[in-house]
Participant: 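This is the structure I have questions about; it appears just below.
One-based numbering, in listed order, for ligands and for the atoms of each. On a predicted model such as this, the values are computed, not experimentally measured, just so you know. Sequence positions, counted from 1, serve as the residue numbers for this chain.
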Amino acid sequence: MTIHHDIRPTLNLIRLANGEGLDLPAYESKGAAGMDLRAAVDEAAPLTLLPGKRALVPTGFIFEIPEGFEGQVRPRSGLAFKNGITCLNTPGTVDSDYRGEVKVLLINLGEEPFIIERGMRIAQMVIAPVTQARVAEIPEASETARGAGGFGSTGV
Ligand SMILES: O=c1ccn([C@H]2C[C@H](O)[C@@H](COP(=O)(O)OP(=O)(O)OP(=O)(O)O)O2)c(=O)[nH]1
Ligand SMILES: [Mg+2]
């Protein structure tokens with residue numbers, strides 16, 4: 001007999017009133033790293049994002065990110081390539097203790113107005129493990145071969 005254990009962490013979602021009727025965020029292919037997030041804008045009032053403008057777009061859900069993980073809100077490459085739409089704060093960070101609605105900070109870097117309709121897949125969320133470090137102040141840095149070289153010090 002084979003016992004299969006599902007070791008994936010559980011992501012609890014709480015649907016808000018503005019998320020009524022929306023598809024759950026979902027992985028759109030078997031190996032997708034991110035689950036697509038949908039715009040919970042009013043059906044009757046799509047959001048027009050003018051060139052150069054930004055907007056905080058609701059998703060209609062509270063995400064209970066499991067402890068030891070974060071939610072990274074990332075752009076969709078298709079929207080970025082075709083329309084110049086990206087996340088201004090990419091990757092957005094959703095903390096595991098956040099209990100507000102997840103929102104997506106979109107910006108239109110394209111030349112045309114972009115219309116965001118209800119249910120449109122506007123971004124994706126990657127659940128990733130995080131480590132909180134212990135913070136310790138010490139008097140001086142240890143020696144290494146690199147030393148203080150950075151920002152292109154090894155050449156192009
Ligand atoms: O794209 C994002 C980024 C953040 N958040 C929410 C969840 C996150 O836990 C919270 C705070 O985000 P962050 O720490 O990046 O922002 P801050 O400016 O440091 O705000 P705060 O002082 O609330 O931590 O805002 C989103 O819904 N979407
Ligand atoms: Mg913060």
Participant: Could you check R121 against L79 for side chain to side chain contact (heavy atoms under 4.5 Å, CB included), going step by step and ending with a plain yes or no?
Facilitator: CA-CA 9 Å; R121 290 180 289 138; L79 289 181; over 6 Å; no

Participant: Within a strict 4.5 Å, meaning less than it, do heavy atoms of the T154 and R146 side chains meet?
Facilitator: yes

Participant: Out of the candidates N12, L11, T10, only one should pair with P66 under the side chain to side chain contact (heavy atoms under 4.5 Å, CB included) rule; please name it.
Facilitator: L11

Participant: Side chain, backbone, both or neither: which part of N89 comes within less than 4.0 Å of ligand 1 when only heavy atoms are counted?
Facilitator: side chain

Participant: Yes or no: does L105 have any heavy atom under 4.0 Å from an atom of ligand 1?
Facilitator: no

Participant: Determine, considering heavy atoms only, which of L56, T93, D97 sits nearest to atom 8 (C) of ligand 1.
Facilitator: T93

Participant: Does atom CZ of R118 have more than 12 heavy-atom neighbours from other groups under 6.0 Å away?
Facilitator: yes

Participant: Tell me whether atom 28 (N) of ligand 1 lies less than 4.0 Å from at least one protein heavy-atom position.
Facilitator: yes

Participant: Any idea which atoms of ligand 1 are less than 4.0 Å away from a heavy-atom of V102?
Facilitator: 27 (O)

Participant: Nearest protein heavy-atom contact for atom 11 (C) of ligand 1: which residue, which atom, what distance?
Facilitator: D95 OD2, 3.9 Å

Participant: Verify the contact flag for atom 19 (O) of ligand 1, where contact means a protein heavy atom under 4.0 Å away.
Facilitator: no

Participant: Give the atoms of ligand 1, by number and element, whose distance to some non-hydrogen atom of G92 is under 4.0 Å.
Facilitator: 1 (O)

Participant: Could you check whether any side-chain heavy atom of L22 comes within less than 4.5 Å of a side-chain heavy atom of R15, counting everything from C-beta outward?
Facilitator: yes

Participant: Give the residue and atom name of whichever protein heavy atom lies nearest to atom 26 (C) of ligand 1, and the separation in Å to one decimal.
Facilitator: K103 O, 3.6 Å

Participant: For a 4.5 angstrom cut-off between non-hydrogen side-chain atoms, does F63 reach L37?
Facilitator: yes

Participant: With side chains defined as the heavy atoms from C-beta onward, is the minimum distance between I107 and T86 less than 4.5 Å?
Facilitator: yes

